[in-house]
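Here's the structure we're looking at; comments come further down.
Worth knowing before you read on, the calculation uses all heavy atoms, side chains too, and leaves out hydrogens, waters and symmetry mates.
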There are 4 protein chains.
Amino acid sequence: MERENTKPRPSERGGRPAQQREHLARGRETIRKLLDAGMEVFGHDGYRGASIGDIVQRAGISRATFYLYFSNKDDLFRALVLDAVEEMTGLAESLGPVTLTDEGFVELRGWLERYLDLCAQLGPVFHAWTEAFATKAAFGDLGSQTLESFTATLERRLAAMGTPTPHLTAFALLGMLDRFSLYVRYQRVGVGREEMLDGLTRVVQGMLFGPPDGSS
Amino acid sequence: MERENTKPRPSERGGRPAQQREHLARGRETIRKLLDAGMEVFGHDGYRGASIGDIVQRAGISRATFYLYFSNKDDLFRALVLDAVEEMTGLAESLGPVTLTDEGFVELRGWLERYLDLCAQLGPVFHAWTEAFATKAAFGDLGSQTLESFTATLERRLAAMGTPTPHLTAFALLGMLDRFSLYVRYQRVGVGREEMLDGLTRVVQGMLFGPPDGSS
Amino acid sequence: MERENTKPRPSERGGRPAQQREHLARGRETIRKLLDAGMEVFGHDGYRGASIGDIVQRAGISRATFYLYFSNKDDLFRALVLDAVEEMTGLAESLGPVTLTDEGFVELRGWLERYLDLCAQLGPVFHAWTEAFATKAAFGDLGSQTLESFTATLERRLAAMGTPTPHLTAFALLGMLDRFSLYVRYQRVGVGREEMLDGLTRVVQGMLFGPPDGSS
Amino acid sequence: MERENTKPRPSERGGRPAQQREHLARGRETIRKLLDAGMEVFGHDGYRGASIGDIVQRAGISRATFYLYFSNKDDLFRALVLDAVEEMTGLAESLGPVTLTDEGFVELRGWLERYLDLCAQLGPVFHAWTEAFATKAAFGDLGSQTLESFTATLERRLAAMGTPTPHLTAFALLGMLDRFSLYVRYQRVGVGREEMLDGLTRVVQGMLFGPPDGSS
DNA sequence: TATGAATGAGTGTTCATTCAT
DNA sequence: TATGAATGAACACTCATTCAT
């Protein structure tokens with residue numbers, strides 16, 4: 001977990017939150033409460049649907065206190081997304097060499113499981129992020145960076161294992177998993193976990209290695 | 001005594017107010033303007049971000065006129081989504097038998113092209129729909145139905161062509177394409193159209209037919 | 001999964017938002033201003049005619065501040081009515097034993113004077129209350145309770161002094177005074193105050209003790 | 001009943017409705033529908049609560065047609081009130097000489113019964129009228145006239161039968177009955193009809209003839 | 001460090017009224 | 001005579017943000 005945001009993150013607007021300053025223990029505790037509450041509320045209500053009122057209520061602090069640590073809604077959101085991105089990128093890097101052997105299957109299956117688990121955990125933010133991504137120009141950068149950093153990592157891994165169009169496949173894989181985790185989250189798939197993971201692994205193998213040779 | 005004061009405020013009546021009635025040419029034209037404007041604005045600003053003010057301004061009509069034809073934002077949104085769903089389902093049904101022959105490749109490639117084109121056209125609504133789906137309980141039904149009807153159709157097609165786990169694969173395919181079209185829309189993929197389609201077709205073939213035998 | 005999207009919009013929560021909480025001096029002062037302004041505006045424009053805009057303008061505060069202390073127009077109105085009802089009920093209880101002696105006349109006259117004075121003061125609310133009573137089902141309860149509690153008190157007093165049909169008489173008396181105070185308020189009676197009180201007292205005595213024996 | 005408004009009734013505002021003109025059978029029918037619908041809707045929702053939309057919907061005609069016959073809501077309302085006032089004044093005149101004999105009791109009781117019945121029928125308008133009376137200056141005149149014409153008639157009758165303060169008593173009686181009819185309408189009195197009329201007659205006798213002589 | 005109080009700008013919605021047909 | 005269509009002005013209510021304490 002380790003979500004202690006002490007890195008300075010300048011706010012783009014006039015209002016400069018106190019977040020740049022060093023915080024005492026009490027302040028750090030408040031920041032943590034806000035990040036946690038933000039996670040829940042953004043996940044539940046989406047980016048635009050989330051209101052600062054809900055966030056501070058869930059965090060159990062006052063409205064005004066929010067502005068001591070974040071300059072506005074965006075600022076809090078960015079903090080959450082950046083944390084999430086970091087974890088996701090780390091996961092992308094952890095994808096070992098996948099082969100068509102049994103070991104490769106197990107390796108890929110394990111990675112997918114970790115991926116979906118992480119999505120289940122960070123999913124809310126990503127979901128809200130998709131919304132913000134398309135809506136606010138300001139988040140375009142954030143979105144691009146995320147996407148690029150993640151797909152670049154994935155692409156390198158895929159290229160290393162001989163996937164024919166690693167760039168494209170990375171996008172397809174990322175997109176598929178991203179959306180799939182959503183369906184899982186809303187329990188739309190209707191298949192048991194183990195069965196789902198087995199099937200999904202096979203599907204992804206197909207994506208990575210292409211179909212068996214046709215009669216052509 | 002019929003003295004129960006329950007005169008429902010129109011907004012609580014839920015249904016669309018006049019759209020059911022017969023409309024004359026002028027009225028139908030206004031509805032069309034509203035649907036078009038709604039498409040654009042929902043696509044640009046998302047579900048919550050879209051304001052009726054923006055919609056009517058883009059449609060070039062007055063705020064009040066909006067409520068002559070739709071009972072509220074939801075109502076317009078539903079109309080758009082239902083239209084889009086219909087087209088998408090039709091497309092799902094148009095997926096012919098895919099084989100690993102050259103003809104199969106061409107068939108699948110053509111279908112993917114039509115799919116992405118339709119997404120590019122309807123995409124805005126779907127995008128907003130994802131947001132609404134997760135946010136408003138009222139749209140949960142709409143979302144489920146859409147998803148189910150679409151994946152069911154796709155699943156049948158896949159089963160017919162021997163895909164091992166058609167249910168799961170339908171979800172994975174739908175999710176992948178859904179998200180992928182988004183990347184295309186925001187021009188994040190960075191690959192030429194033809195090249196992209198070729199690669200994507202191969203990836204999807206892999207999803208459908210599984211990887212080559214792992215004896216290598 | 002706690003994923004039911006039922007976040008109630010504040011206006012559906014019904015209750016008064018903050019009025020229950022402890023308020024500091026400044027907040028209490030604002031509430032008082034709102035109650036005063038509400039009294040005036042409801043009295044002047046009736047229940048439906050009163051707009052929150054008018055109320056906050058007269059109170060000299062901003063629109064949004066209103067919602068810090070009352071959840072909507074109803075909420076403020078209820079608060080005013082409940083206060084008024086309390087005072088009226090207290091007055092009903094203060095009606096001492098009325099007899100046909102001079103002391104009884106004086107006692108009753110004094111009570112009627114206090115009653116009309118209180119009506120003149122609280123009248124605006126009652127007037128608006130009559131309107132709301134007939135219009136909104138939600139106020140039906142409030143109306144019934146008020147009426148019942150008030151007439152019950154009055155009925156007990158009347159029964160104690162030997163009035164033949166105390167229940168009916170209580171209603172008649174209450175209705176008469178209620179309406180009469182309205183005429184007084186709009187200066188329709190056209191008789192001096194003392195003269196009016198003398199005459200009214202005699203009329204009420206007639207209501208309480210019935211007409212003289214009809215042997216004449 | 002006889003509610004055929006063919007008397008010209010000039011509208012005070014700029015918009016001159018066609019009501020002045022002679023109407024053909026079809027037009028008179030439409031006017032009747034509007035008056036009936038107005039009666040119901042004003043009675044149900046009060047003056048401000050009544051919307052033209054509701055009225056024309058209940059009348060089964062179009063919004064625009066309304067303005068062919070009435071220049072606005074007030075205009076329709078006035079028409080209804082004037083009709084009602086006429087009937088009420090007629091009733092006031094029908095109050096024969098009341099004495100303390102049995103015949104007098106029966107006479108008064110019959111009159112009260114007719115009064116309450118008429119109130120039950122016209123009551124909705126009166127109720128709405130009270131609201132409008134206090135709210136709009138424009139109705140002040142209408143209110144005064146009504147009140148004066150009615151109380152003047154009543155006062156003459158009371159004076160004729162020896163009531164000591166006929167002016168004041170007329171007001172008190174009118175007010176009492178007005179309000180009482182409201183309680184009856186909302187079934188708040190909780191006493192059987194015959195019993196109620198007996199008691200009410202006695203109470204009114206008391207109002208008219210004053211209390212029995214005290215020991216003073 | 002924390003917060004109660006206050007607000008301007010906005011959003012969805014309604015309604016009386018007008019006009020072209 | 002009748003009406004479908006359109007609208008300006010108003011209203012209730014919300015929310016991100018600021019400030020004095």
What is the distance, rounded to the nearest whole Å, between atom [atom1] of [X] and atom [atom2] of [N]?
X: B:Arg32; N: F:dA5; atom1: CZ; atom2: P; result: 16 Å
X: C:Tyr47; N: F:dC11; atom1: OH; atom2: P; result: 15 Å
X: D:Arg48; N: E:dA16; atom1: CZ; atom2: P; result: 11 Å
X: C:Arg28; N: E:dG4; atom1: CZ; atom2: P; result: 14 Å
X: D:Phe66; N: E:dT18; atom1: CZ; atom2: C1'; result: 14 Å
X: D:Tyr69; N: F:dA2; atom1: OH; atom2: C1'; result: 8 Å
X: A:Leu76; N: F:dT17; atom1: CG; atom2: P; result: 12 Å
X: B:Phe70; N: E:dT14; atom1: CZ; atom2: C1'; result: 18 Å

message: Under 4.0 Å, heavy atoms only, any strand: does D:Thr65 hit a base, just the sugar-phosphate, or nothing?
response: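 It contacts base atoms.
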message: What contact category does B:Ala25 fall into here, base, sugar-phosphate, or nothing, at under 4.0 angstrom with non-hydrogen atoms?
response: nothing
Of the listed nucleotides ([options]), which one gets closest to any side-chain atom of [X]?
X: A:Ser51; options: E:dT18, F:dC15, E:dT3; result: F:dC15
X: C:Tyr67; options: E:dA2, F:dA12, F:dA2; result: F:dA12
X: B:Leu68; options: E:dA16, F:dA2, F:dA5; result: F:dA5

statement: Between C:Asp54 and B:Ala64, the residue closer to the 5' end of DNA chain F by nearest nucleotide is B:Ala64
message: Once hydrogens and angles are ignored, does a donor-acceptor distance under 3.5 Å link the base of F:dT3 to the side chain of D:Arg63?
response: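 Checked by distance alone, the answer is no.
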field: Presence of donor-acceptor pair under 3.5 Å, side chain of C:Arg26 and base of E:dG4
entry: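 Side chain to base: no pair present.
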[atom1] of [X] to [atom2] of [Y]: how many Å apart, nearest 0.5 Å?
X: B:Thr30; Y: B:Leu35; atom1: OG1; atom2: CG; result: 11.0 Å
X: A:Met39; Y: A:Leu76; atom1: CE; atom2: CG; result: 11.0 Å
X: D:Leu68; Y: D:Ser62; atom1: CG; atom2: OG; result: 8.0 Å

field: Among A:Lys33, A:Arg26, A:Arg32, side-chain hydrogen bond (donor to acceptor under 3.5 Å, both in side chains) partner for A:Glu29
entry: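 Going through A:Lys33, A:Arg26, A:Arg32 one by one, the side-chain hydrogen bond (donor to acceptor under 3.5 Å, both in side chains) with A:Glu29 is satisfied by A:Arg32 alone.
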task: Side-chain contact test, heavy atoms from C-beta onward, threshold under 4.5 Å: evaluate it for C:Trp129 versus C:Leu80 and give yes or no.
output: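 No, side chains not in contact.
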- prompt: With side chains defined as the heavy atoms from C-beta onward, is the minimum distance between A:Leu34 and A:Ile61 less than 4.5 Å?
  reply: yes
Strand DNA chain F in bracket notation, Watson-Crick/G-U under 3.5 Å with | for pairs to another chain: .||||||||||||||||||||
field: D:Ile52 or B:Ile52, whichever maps to the more 5' nucleotide of DNA chain E
entry: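 By nearest-heavy-atom nucleotide position, the 5'-most residue is B:Ile52.
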- prompt: Relative to the 5' end of DNA chain E, which residue comes earlier, D:Gly53 or C:Ser62, by the nucleotide with the nearest heavy atom?
  reply: C:Ser62
message: Please determine whether a side-chain nitrogen or oxygen atom of D:Thr30 lies at a distance below 4.0 Å from atom OP1 or OP2 of F:dT1.
response: no
- request: Name the orientation class of the two ring planes belonging to C:Phe42 and C:Phe77 (parallel below 30°, tilted from 30 to 60°, perpendicular beyond 60°).
  value: tilted
field: Row check, B:Tyr47 ring normal vs B:Lys73 NZ/CZ: under 6.0 Å, within 45°
entry: yes
